[in-house]
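Below is one structure, written out as structure tokens; comments come after it.
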Amino acid sequence: MKDRNDLWLENVYSDGTAAFVCPPCPKLFETVTIRLRFYRNAPVKHVFLRTIPNGVEKLIPMVREKEEKGLVYYEAPLQMTENRMQYQFYLVCEDVIYFYTQKEITTYVPDHTYDFVLLADYVQPEWVKDAVFYQIFPERFCNDDPSNDVQSGEYVQDGHPAIHMEHWEDTPLPYEKGYCMDFFGGDLQGIRQKIPYLKELGVTALYLNPIFIAPSVHKYDCLDYFHVDPHLGGDQALAELSQALHQNGMKLILDISINHTGIAHKWFNRDGEFFDKSVGAYNNPDAPERAYYFLNPDNTYHKWLGVDTLPTLNYTSEALRDVIYRSEDSVLKKWLKPPYSIDGWRFDVADTFGRKDELQLAHTLWPEIRQSIRSVNPQAYILAEDWGDCAQYLQGNEWDAPMNYFGCGRVIRQFLGEPDLFMARNPILRGIPYRMTAQDVKNRVMEHLAKLPYVMWENQFNLFDSHDASRLHNNPRITPEGYRGAVIFQFLLTGAASIYYGDEAEIDGTLGTNEGCRYPMPWSKDIPSCRAYQLIHTLAHLKADHKALRQGGMKFLYAEGNVIAIARFWKDDVFVGVISTEKQDVKIRLPLGAVAASKPRNSTDIFGTPLEYRPLDNTSIELTVAAGQSYLLACR
């Protein structure tokens, strides 16, 4: 707890939204207005904007612009003389200088790791920050055309025959029995049929797991990047789905692995299961595709994570770069163009792409890929799989966002009592029962975000469930209140929220395996009556209706013990989420004045939970937080 004399520091605030940076996406040499605010009674004598143009420190005096709701606003001009401009704030008091970066306030000069950063001429995919994504594993979502179903024994992959599951309600087979070859028949026509359902839920964008021709259920073992799997409806079904989504104001991104193919891909074709052995690199030493892989003279080859069925692509090959992303008829460009016109790509295992020991091409390849994608669609979203700290890729010229496990999913799940999603893969680490504290959560989220230019905050893809993680609600240790807290947390973080198909239906599943989080969608249920549906529906529609939840600022108001409070705000529109994992009721101080509010608008929260609070002073209230409870407050 701060000393009473330092409480004014809790309100020092700036960010990269239009309220504090105008314009937020400037052109080179354009002059930007930078703003900062704090309590009007703060003991501040002078404010400086500190920049380093051409490597030389420059202190720009900030002038008092206005006073509003007990807050004073200072501003200063900053000319974008470089493609990347970074800055800090110096707040000068009588006997101390405070230094303010995106991460924190210190009384010592900080390094530049967490500086505020502006990018000149960065083209932001503006629709993303407003989006509510819905991730679909196509084979398990909806079967509209049984005639295109995979039949039992129709083909064999790596010695394992295809299995047609007779009933949609059947349980997916464990890997040791099904080998990811157990098919239920979901297809793209089924997704198109459910567009009205998705719109009513509040979904504005779809992310589909891979749909290109591949033998497995998951389709990360691609055979042909240039065609949609006929068992999912084929190319025409994708064109029709994309058209229908766009007619309904919805976006579409597709999943692809350009790090590796399957062994049966026509470029590789190890066993001749789908193509004659005269095709492909493995059986033909003179095949041009041999340069696409790390194939040795004895036909040993480099594999993704040592998986025998996933040979790694070799991007020292200029021809491979052409066919994947550079040529006008390349893989990535084909699907961005009509009649498919997808709105972005999600790249599988992007963290390992272009990296093989001494051969490190990632930071050469990703800028090229970005330029190629954006040459077709300047608003295309470039989403990458990375479970850890990936700030090096998020500086404006490579990815737009990662799958934000690091700053969202891994955080909130561990706060609720699960092992860390990534560390759980190690039996020793999995056995340590450490639950994240509120301060841990705040520090982890802010360390992730504060290393990024703010426009990249707004691109974040916030999720906690996916095709690679057991569903949170399937864990019997997670209470309904805890689950509600996870969804509130996800929707209050800056950027887009992503719902994994079936979470709103409280879909069945098991823990610990990928098969356990890929059950068929339970369409026979009364889904709208599910508590999770009502929760997600409420938050998705709130986001659509309130700019604060789409483009507003974000601030942690409280992070002590096992209670966190996060605010999103835009002018008079303020929401505060409070999430507790405490085992008993606690009283917390909420400094609502820090976000230009004074009290909740109603006697209950958004979900009808009664609120018990009292005013403490002009800037804060004392809120009683019930044990293990989560709230979402609309404030004024």
Between [X] and [Y], is any side-chain donor less than 3.5 angstrom from a side-chain acceptor?
| X | Y | value |
| --- | --- | --- |
| Asp149 | Asn143 | yes |
| Arg290 | Asn299 | yes |
| Tyr282 | Asp271 | no |
| Lys129 | Gln124 | yes |
| Thr309 | Asp158 | no |
| Asn259 | Ser257 | no |
| His227 | Asp235 | yes |
| Glu154 | His164 | no |
| Thr261 | Tyr293 | yes |
| Glu368 | Tyr325 | yes |

Side-chain donor or acceptor of [X] paired with backbone N/O of [Y] under 3.5 Å:
| X | Y | result |
| --- | --- | --- |
| His302 | Leu295 | no |
| His473 | Ala532 | no |
| Arg444 | Val411 | no |
| Asp182 | Leu173 | yes |

Result of checking Tyr315, Phe353, Trp345 against Trp366 for ring-ring contact (aromatic ring centres under 6.0 Å, His included):
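When ring-ring contact (aromatic ring centres under 6.0 Å, His included) is applied between Trp366 and each of Tyr315, Phe353, Trp345, only Phe353 qualifies.
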Nearest 0.5 angstrom please: [X] [atom1] to [Y] [atom2], how far?
| X | Y | atom1 | atom2 | value |
| --- | --- | --- | --- | --- |
| Ser498 | Leu383 | OG | CG | 8.5 Å |
| Lys334 | Ile342 | NZ | CD1 | 11.5 Å |
| Trp399 | Ile369 | CH2 | CD1 | 11.0 Å |
| Asp400 | Ile382 | CG | CD1 | 5.0 Å |
| His265 | Arg270 | NE2 | CZ | 15.5 Å |

Glu289: partners by salt bridge (Lys or Arg N to Asp or Glu O under 4.0 Å), with sequence neighbours left out
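Testing Glu289 for salt bridge (Lys or Arg N to Asp or Glu O under 4.0 Å), a comparison that skips the adjacent residues, returns none.
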Which of parallel (below 30°), tilted (30 to 60°) and perpendicular (above 60°) describes [X] and [Y]?
| X | Y | value |
| --- | --- | --- |
| Tyr155 | His231 | tilted |
| Tyr175 | Tyr179 | perpendicular |
| Tyr207 | Phe461 | perpendicular |
| Trp387 | Tyr405 | parallel |

Lys543: partners by side chain to side chain contact (heavy atoms under 4.5 Å, CB included), with sequence neighbours left out
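Per chain and number, Lys543 pairs via side chain to side chain contact (heavy atoms under 4.5 Å, CB included) with Val132, Phe491, Leu549, Arg550.
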Cationic N near anionic O, under 4.0 Å, Asp508 to Lys525:
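Not counted as a salt bridge, because no side-chain N and carboxylate O are separated by less than 4.0 Å.
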Is the shortest side-chain N to carboxylate O distance from Asp420 to Arg410 below 4.0 Å?
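Arg410 and Asp420: salt-bridged.
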Determine whether the aromatic ring centres of residues Phe268 and Tyr292 are separated by less than 6.0 angstrom.
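For Tyr292 and Phe268, the ring centres are not under 6.0 Å apart.
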Looking at Tyr225 versus Trp267, is the centre-to-centre ring distance below 6.0 Å?
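Distance test on ring centres: under 6.0 Å, yes.
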Can you find a heavy atom in the side chain of Cys517 that is under 4.5 Å from one in the side chain of Ser466?
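No, side chains not in contact.
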Got more than 12 heavy atoms from elsewhere within 6.0 Å of CD1, Ile428?
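Not more than 12 within 6.0 Å, no.
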Is the number of heavy atoms from other residues, nucleotides or ligands under 6.0 Å of Arg531 CZ greater than 12?
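Incorrect, the count does not exceed 12.
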Quick one: which residue pairs count as a ring pair (Phe, Tyr, Trp, His ring centres under 6.0 Å) with a foot in residues 507-527, not counting sequence neighbours?
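Of all non-adjacent pairs touching residues 507-527, those that pass ring pair (Phe, Tyr, Trp, His ring centres under 6.0 Å) are Phe141-Trp523, Tyr197-Trp523.
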Test side-chain hydrogen bond (donor to acceptor under 3.5 Å, both in side chains) on His363 and Glu398; report intermediate values, then the result.
CA-CA 8 Å; His363 293 302; Glu398 298 184 63; 2.9 Å; yes
